[in-house]
Amino acid sequence: KLLWWKNTNNYKVFLILYFEYWIPWKIKLIFGEIINTILITGSSKGLGESLAQIFAENKYDVILHGRDEESLAHVKSKVLNHNVDCDVVVGDLVEKDTIRKIQIISEKKGIDVLINNAGIYLNKPFLETSMEEFRKVIETNFMAVVSLTYALFPIMQSKGSGLIININNPINSITTP
């Protein structure tokens, strides 16, 4: 379970192992068996897809979110193999309609954990990046997280419990001249 020590250059291996072995256990330790439903934004590929599978393996119901409907259908089929409930919300988090759809399903399902994993990054030099591209990154990686948390926090507050995990892509902190 400490394989990540052998490969510290690969942050995804670290994060996947971290979430696979620590987070499900820690959630059960803190909340007991009352945690049922986890929402993972950006779950159509990469870390979000892996997290959805890890939580489904641990018998949590999952709400998937992403912009690619076909990829989300593929992830949903994998999650359903673990005999858990799985709902899907397709849309861009910068759009109020998408936030509202997520809020409605989260109220219906009684969300327990929100994992803000959706994000974009620009893989280009600073001076080649337009101001509009920077605005899109800020809207997606910061304002969408704030908007979704603002929409879902009252649900958790009314239940008297909940957990919010924000994931920041480390590639965002790398710049090239």
Side-chain angles (χ1 to χ4, degrees), residues 3-23 38-56 62-79 86-106 111 113-156 162-177:
L3 293 175
W4 62 275
W5 285 109
K6 295 179 183 176
N7 191 0
T8 56
N9 292 331
N10 189 338
Y11 74 92
K12 286 187 179 179
V13 169
F14 167 74
L15 287 174
I16 290 169
L17 289 173
Y18 177 78
F19 276 98
E20 182 173 3
Y21 296 113
W22 186 81
I23 292 294
I38 298 176
L39 165 65
I40 306 167
T41 65
S43 52
S44 60
K45 61 183 177 180
L47 182 59
E49 177 183 1
S50 297
L51 291 173
Q53 291 180 51
I54 289 165
F55 282 107
V62 179
I63 302 170
L64 304 173
H65 159 266
R67 294 179 294 176
D68 184 343
E69 189 169 4
E70 187 176 315
S71 295
L72 286 170
H74 178 70
V75 175
K76 180 178 181 176
S77 70
K78 289 180 179 180
V79 166
C86 182
D87 293 279
V88 174
V89 178
V90 179
D92 193 329
L93 288 175
V94 300
E95 297 174 10
K96 290 179 183 178
D97 187 49
T98 301
I99 298 286
R100 185 68 187 135
K101 287 179 195 174
I102 292 173
Q103 185 179 31
I104 290 168
I105 197 158
S106 295
I111 186 173
V113 178
L114 164 62
I115 300 178
N116 283 309
N117 175 64
I120 58 173
Y121 72 95
L122 303 174
N123 190 17
K124 60 199 286 189
F126 179 82
L127 292 178
E128 293 178 22
T129 306
S130 71
M131 291 305 292
E132 187 56 38
E133 290 170 317
F134 281 122
R135 282 186 192 91
K136 180 69 175 169
V137 169
I138 291 168
E139 279 293 315
T140 302
N141 296 0
F142 179 70
M143 291 307 299
V145 171
V146 171
S147 296
L148 185 58
T149 302
Y150 192 82
L152 301 184
F153 191 85
I155 299 169
M156 294 178 181
L163 180 63
I164 299 171
I165 300 171
N166 295 315
I167 297 174
N168 183 3
N169 187 337
I171 197 73
N172 290 331
S173 61
I174 299 172
T175 58
T176 57

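Along the sequence shown, the residues carry numbers beginning at 1.
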Counting only N and O atoms by type, is there a donor-acceptor contact under 3.5 Å from the side chain of [X] to the main-chain atoms of [Y]?
X	Y	answer
Asn117	Ile40	no
Thr149	Val146	no
Thr41	Ala118	yes
His65	Gly91	yes
Thr98	Val94	no

Compare every heavy atom of Ser71 with every heavy atom of Ser44, then report the nearest pair and how far apart it is.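 Heavy atoms only, the tightest pair is O-CB, 3.5 Å.
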
Which atom of Leu122 lies closest to which atom of Phe134, heavy atoms considered: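 Scanning both residues, the minimum pair turns out to be CD1-N, 4.4 Å.
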
Rounded to the nearest 0.5 Å, what separates atom [atom1] in [X] from atom [atom2] in [Y]?
X	Y	atom1	atom2	result
Ile111	Leu163	CD1	CG	10.0 Å
Tyr150	Gln103	OH	CD	10.5 Å
Arg67	Glu95	CZ	CD	10.0 Å
Ile38	Ser43	CD1	OG	12.0 Å
Phe142	Ser147	CZ	OG	9.5 Å
Glu69	Leu72	CD	CG	8.0 Å

Looking at Ile63, Leu148, Ile165, which hits side chain to side chain contact (heavy atoms under 4.5 Å, CB included) with Leu114?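 That would be Leu148; it is the only one of Ile63, Leu148, Ile165 passing the side chain to side chain contact (heavy atoms under 4.5 Å, CB included) with Leu114.
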
Applying side chain to side chain contact (heavy atoms under 4.5 Å, CB included) to Leu51 and Val62, what does each step give before you reach the verdict? CA-CA 10 Å; Leu51 291 173; Val62 179; over 6 Å; no

Beyond-backbone contact of Pro125 with Glu128, side-chain heavy atoms, under 4.5 angstrom: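 Touching, per the 4.5 Å side-chain cut-off.
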
Is the closest side-chain heavy-atom distance between Met156 and Ile164 below 4.5 Å?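 Contact flag for Met156/Ile164 side chains = yes.
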
Show, in sequence, the C-alpha distance, side-chain angles and deciding distance for Leu93 and Ile102, and conclude whether the side chain to side chain contact (heavy atoms under 4.5 Å, CB included) test is met. CA-CA 9 Å; Leu93 288 175; Ile102 292 173; 3.6 Å; yes

So, Ser130 versus Glu133: side-chain donor-acceptor pair below 3.5 Å or not?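 Side chains of Ser130 and Glu133: pair found under 3.5 Å.
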
Check against side chain to side chain contact (heavy atoms under 4.5 Å, CB included), Asp87 and Leu64: CA-CA 6 Å; Asp87 293 279; Leu64 304 173; over 6 Å; no

With sequence neighbours excluded, tell me which residues meet salt bridge (Lys or Arg N to Asp or Glu O under 4.0 Å) with Lys78.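 Result, salt bridge (Lys or Arg N to Asp or Glu O under 4.0 Å) vs Lys78: Glu49.
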
Taking only Lys NZ, Arg NE, NH1 and NH2, and the carboxylate oxygens of Asp or Glu, determine whether Lys136 and Asp92 approach each other closer than 4.0 Å.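 Counted as a salt bridge, because a side-chain N and a carboxylate O are separated by less than 4.0 Å.
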
Leu39/Val113 under side chain to side chain contact (heavy atoms under 4.5 Å, CB included): CA gap, chis, key distance, verdict: CA-CA 6 Å; Leu39 165 65; Val113 178; over 6 Å; no

Within the supplied structure, the quantity of interest is the number of heavy atoms (other residues, nucleotides, ligands) at a distance under 6.0 Å from Phe153 CZ; does it exceed 12?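 Atom CZ in Phe153 is not packed in, count stays at 12 or less.
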
